[in-house]
Amino acid sequence: MADHAARMPRAAAPVIAAEGLDLVYRTADGPVHALRDVTLTVNRGEFVSFIGPSGCGKTTFLRCVAALETPTGGRLSVNGMSPDEARRARAYGYVFQAAGLYPWRTIEGNVRLPLEIMGYPRAEARERVARVLDLVELGGFARKYPWQLSGGMQQRASIARALAFDADILLMDEPFGALDEIVRDRLNEELLRLWDRTGKTTLFVTHSIPEAVYLSTRIVVMSPRPGRITDVIESPLPRERPLEIRESPDFLAVAHRVREGLRAGHGDL
Ligand code: ADP
Ligand code: MG
C-alpha cells in the first residue's frame, strides 16, 4: 500500500482545492456576493481558464488563491497549504492585464526585481533573468526600457517576471485583454509552448471564448450575481495545438458549449 502511494505520480495531489468557497464584500451599498459555493480542484500541470462576464468573481477567485482576499466561507488550499502559507512560500507568479513594468528599469531590471526583493544572490539572479527572458524570446531586449517594446513584448516581460522565481503556479488575469487580436494569437501560441515546456499549473482569466478554448485543458464558466461556477468543461483537444485547430469540429463544439454556458448564466438575471 505504502509502496503504491510512493509510486503515485505527484500530479495526483491537487494544487488548488476550493470547497464551497464564499466571498461577500461589504460595501456602502450593501453586501456584494462575489463568490458563492465555488468548488473546484486544479491538479498539477493543468491549464484552467475562467470565463464569464464582468463581475462574476474571476479576479476575486484568483485573489483568494493569492491570499489577497480572505473568503468569508468554505475551504481553500494551495499546494496543500493555506493560501497565506503558499504566498509566503512563493507558490505563484501573478500576471495582470497591464504589464506593470517600471519605466525607469530596463527589461532585465524589471524581471530581476522580485528576485532582488527575495534576496537572491546576484549571480543566481542574473542567470535566472537570462533564462526566463530566453524562455519568452526577449533575450535580445534585456537592456531595453519598457517604452522601447511593443505592448505584446511588454506583456511577455511581465510573464518572464512571474516565472523568474520558479513558482509552481501561474495566475494570469486577462493578460492579453488589452492587445489586438493578431498579437494575442501569437502570444497564445507562445504561452501554450511555455506551459508545455515549464509544466506550470496555470489559472487564466479571459473574456475571449477562442482564447479560453485554445489554451485550456479545462474551462470554468462563471456567472455573476452571485459569482458562481455554472459549467466546467474538460477539453478534448490534444496538447499539440496549431492555431488552425480553432477550425476543427472538437474546438467548435467546446466553444459552442462555453457560449451556451455564458448565455444560460445571463438568462436568470
Ligand atoms: P470579474 O473579475 O469576474 O470581473 P471581480 O472578482 O472583480 O469580477 O468582482 C466580483 C464582484 O465583486 C463584482 O460585483 C465587483 O463589483 C465586486 N468587487 C470586487 N472587488 C471588490 C472590492 N474590493 N470591494 C467591493 N466589491 C468588490
Ligand atoms: Mg476581473
Side-chain angles (χ1 to χ4, degrees), residues 16-40 42 46-76 78 83-84 86-87 92-100 151 154-155 158-159 161-162 169-179 181 184 187-188 191 201-216 218-233 255 257-269:
I16 313 283
E19 214 188 301
L21 214 60
D22 260 287
L23 194 145
V24 179
Y25 290 111
R26 302 275 156 212
T27 74
D29 300 329
V32 175
H33 214 150
L35 295 174
R36 191 186 68 189
D37 197 18
V38 167
T39 296
L40 181 75
V42 178
E46 276 198 273
F47 194 118
V48 178
S49 283
F50 297 81
I51 189 164
S54 255
C56 70
K58 306 179 296 292
T59 294
T60 299
F61 183 74
L62 254 57
R63 287 177 60 82
C64 287
V65 170
L68 299 169
E69 299 289 350
T70 307
T72 44
R75 276 197 303 237
L76 177 62
V78 179
D84 205 48
R87 181 177 56 78
Y92 59 84
Y94 218 132
V95 182
F96 304 92
Q97 180 165 350
Q154 291 183 23
Q155 208 46 292
S158 114
I159 294 171
R161 181 181 53 193
I169 306 166
L170 203 48
L171 303 175
M172 307 183 85
D173 197 346
E174 302 194 41
F176 309 140
L179 303 171
E181 213 164 304
R184 184 191 275 227
L187 288 176
N188 279 179
L191 179 60
T201 308
T202 306
L203 272 53
F204 185 94
V205 171
T206 179
H207 273 116
S208 157
I209 296 175
E211 184 170 71
V213 180
Y214 177 71
L215 290 171
S216 315
R218 249 185 331 149
I219 301 151
V220 175
V221 182
M222 294 180 74
S223 160
R225 286 175 288 274
R228 63 200 186 279
I229 295 177
T230 52
D231 198 6
V232 178
I233 304 165
R257 182 162 155 195
V258 175
R259 196 168 294 113
E260 290 294 301
L262 292 172
R263 204 173 287 156
H266 267 292
D268 58 14
L269 278 180

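For this chain, numbers begin at 1 and follow the sequence in order. Just so you know, ligand 1 is whichever comes first in the structure, and atom 1 is the first atom listed for that ligand. None of the values given here were measured: they were computed from a predicted structure.
- In terms of modelled atom types and a separation under 3.5 Å, the side chain of T206 and the main chain of S208 share a donor-acceptor contact.
- A side-chain donor-acceptor contact under 3.5 Å links T230 to the backbone of V221.
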Report every pair formed by an N or O atom of ligand 1 and a protein N or O atom separated by less than 3.5 Å, giving atom names and the distance to 0.1 Å.
from: ligand 1; atom 1: 2 (O); to: T59; atom 2: N; distance (Å): 2.9
from: ligand 1; atom 1: 2 (O); to: T59; atom 2: OG1; distance (Å): 2.8
from: ligand 1; atom 1: 3 (O); to: C56; atom 2: N; distance (Å): 3.2
from: ligand 1; atom 1: 3 (O); to: G57; atom 2: N; distance (Å): 3.1
from: ligand 1; atom 1: 3 (O); to: K58; atom 2: N; distance (Å): 3.0
from: ligand 1; atom 1: 3 (O); to: K58; atom 2: NZ; distance (Å): 2.8
from: ligand 1; atom 1: 4 (O); to: G55; atom 2: N; distance (Å): 2.7
from: ligand 1; atom 1: 6 (O); to: T60; atom 2: N; distance (Å): 2.9
from: ligand 1; atom 1: 6 (O); to: T60; atom 2: OG1; distance (Å): 2.5
from: ligand 1; atom 1: 8 (O); to: G57; atom 2: N; distance (Å): 3.2

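- Surrounding CD of E260 are more than 12 heavy atoms belonging to other residues, nucleotides or ligands, all under 6.0 Å away.
- A donor-acceptor distance shorter than 3.5 angstrom exists from the side chain of R184 to the backbone of F176, with no hydrogens or angles considered.
- At distances below 3.5 Å, not a single donor-acceptor pair connects side-chain atoms of E69 with backbone N or O atoms of L62.
- Around the Mg ion (ligand 2), protein N, O or S atoms at less than 2.8 Å number 1.
- A salt bridge (Lys or Arg N to Asp or Glu O under 4.0 Å) with D231 is found for one member of R218, R257, R259 and no other, namely R257.
- Counting heavy atoms from C-beta on, the side chains of T202 and L215 never come closer than 4.5 Å.
- Residues that satisfy the side-chain contact (heavy atoms from CB on, under 4.5 Å) test with H33, not counting sequence neighbours, are D22, V24, R36, P226.
- By the ring-ring contact (aromatic ring centres under 6.0 Å, His included) test, Y92 pairs with no residue at all, sequence neighbours left out.
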